[in-house]
Amino acid sequence: VQLQASGGGSVQAGGSLRLSCSGSGFMDYFSIAWFRQAPGKEREGVSCISSNGDRTYYAASVKGRFTVSRDNNKNTVYLDMSNLKTEDTAVYYCAARDQADVCGVFGISRGSFGDFGQGTLVTVSS
């Protein structure tokens with residue numbers, strides 16, 4: 001399945017954004033993860049959701065502020081981001097793995113996922 005992230009933009013610190021990850025086909029059997037990469041930094045895992053949405057995972061830096069959800073009828077996964085901080089500024093990517101709950105086994109690991117596709121830029125200003 002090919003994925004496309006969208007919904008990025010510029011927001012002030014404390015604001016909110018919703019990112020969407022749309023799939024080219026059925027996503028029912030895929031774990032989906034969100035990653036981000038800030039300038040000069042390595043790509044890091046942000047959040048992950050199991051194939052049926054019953055399990056979610058978050059990096060410590062975003063827990064309590066970000067919420068991941070999915071609508072398999074729409075082949076879309078969402079990342080709701082609130083109380084944004086300047087350190088959340090990054091290009092955000094989504095990625096898929098054809099395993100029901102890969103993050104439950106390996107964590108939000110870049111090595112567990114394939115192609116990331118085109119990301120969406122989130123800029124948080126102070």
Side-chain angles (χ1 to χ4, degrees):
V1 62
Q2 292 186 329
L3 303 177
Q4 176 67 53
S6 62
S10 297
V11 63
Q12 287 193 322
S16 300
L17 277 176
R18 167 176 263 203
L19 304 184
S20 297
C21 174
S22 299
S24 60
F26 295 114
M27 295 168 59
D28 301 45
Y29 305 110
F30 290 82
S31 293
I32 304 294
W34 286 95
F35 292 80
R36 68 185 180 186
Q37 188 165 17
K41 295 188 177 181
E42 292 190 357
R43 193 167 298 185
E44 63 172 346
V46 174
S47 183
C48 183
I49 188 166
S50 61
S51 60
N52 66 0
D54 65 340
R55 299 193 180 212
T56 56
Y57 306 89
Y58 299 93
S61 58
V62 306
K63 198 167 187 178
R65 301 188 297 121
F66 289 13
T67 302
V68 62
S69 61
R70 66 190 298 160
D71 184 342
N72 285 345
N73 292 324
K74 295 182 178 180
N75 294 329
T76 303
V77 172
Y78 304 99
L79 185 67
D80 288 294
M81 307 184 296
S82 62
N83 191 21
L84 283 160
K85 304 177 180 180
T86 55
E87 51 263 42
D88 294 319
T89 294
V91 178
Y92 285 71
Y93 303 85
C94 55
R97 174 67 184 266
D98 56 350
Q99 189 171 333
D101 186 22
V102 66
C103 293
V105 179
F106 299 108
I108 314 172
S109 172
R110 182 177 177 181
S112 297
F113 292 85
D115 293 338
F116 288 84
Q118 189 172 352
T120 186
L121 176 63
V122 172
T123 303
V124 184
S125 58
S126 58

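- Under the 4.5 Å side-chain criterion, counting only non-hydrogen atoms from C-beta, F66 is in contact with L84.
- By the 4.5 Å heavy-atom criterion applied to side chains, Y78 and L19 are not counted as neighbours.
- Crowding of E87 atom CD: a count of heavy atoms from other residues, nucleotides or ligands under 6.0 Å exceeding 12.
- D71 meets the side chain to side chain donor-acceptor pair (under 3.5 Å) test with no other residue; sequence neighbours excluded.
- The shortest non-hydrogen separation linking C48 to I108 is CB-CG1, 4.0 Å.
- Looking at residues two or more places apart in sequence or on another chain, you find a side chain to side chain contact (heavy atoms under 4.5 Å, CB included) between T56 and I49, Y58, V68.
- Contacts of D54 classified as side chain to side chain donor-acceptor pair (under 3.5 Å), with partners at least two apart in sequence or in another chain: S50.
- For the atom pair K41 NZ and T89 OG1, the distance stands at 10.0 Å (nearest 0.5 Å).
- Two residues are said to be in side-chain contact when any heavy atoms from C-beta on lie closer than 4.5 Å; V122 and L17 meet this criterion.
- For residues 22-31, no pair satisfies side chain to side chain donor-acceptor pair (under 3.5 Å), with sequence neighbours left out.
- Counting Ile, Leu, Val, Met, Phe, Trp and Tyr side chains that sit under 4.5 Å apart, directly or through other members, F26 stands alone, with no cluster partners.
- Taking the side chain as every heavy atom from C-beta outward, W34 and V77 approach each other to under 4.5 Å.
- No side-chain heavy atom of V91 sits less than 4.5 Å from a side-chain heavy atom of R36.
- Screening residues 12-21 for side chain to side chain donor-acceptor pair (under 3.5 Å) gives R18-D80 as the qualifying pairs, with residues at least two apart or on separate chains.
- A distance-only check finds no donor-acceptor pair linking the side chain of S61 to the backbone of A59 [under 3.5 Å].
- Considering only residues two or more places apart in sequence or on other chains, R65 meets the side chain to side chain donor-acceptor pair (under 3.5 Å) condition with D88.
- Annotation for Q2: atom CD does not count as buried by contact number, only 12 or fewer foreign heavy atoms lying within 6.0 Å.
- With sequence neighbours excluded, no residue forms a side chain to side chain donor-acceptor pair (under 3.5 Å) with Q118.
- Within the structure, the ring pair (Phe, Tyr, Trp, His ring centres under 6.0 Å) test picks out the following pairs touching residues 85-126 (sequence neighbours left out): F35-F113, F35-F116.
- Listed by first then second residue, pairs satisfying salt bridge (Lys or Arg N to Asp or Glu O under 4.0 Å) with a partner in residues 5-15 number zero, not counting sequence neighbours.
- For residues 1-44, the set of pairs meeting the disulfide (SG to SG under 2.5 Å) definition, not counting sequence neighbours, comprises C21-C94.
- Cluster membership for V62 and I32, using ILVMFWY side-chain heavy atoms within less than 4.5 angstrom, is shared.
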Please output the side-chain donor-acceptor pairs of residues 96-103 that fall under 3.5 Å, not counting sequence neighbours, one pair per line with the distance.
residue, atom, partner, partner atom, Å
R97, NH1, S112, O, 2.8
D101, OD1, Y57, OH, 2.9
D101, OD1, G104, N, 3.3
D101, OD2, Y57, OH, 3.1

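- Taking the side chain as every heavy atom from C-beta outward, R70 and M27 approach each other to under 4.5 Å.
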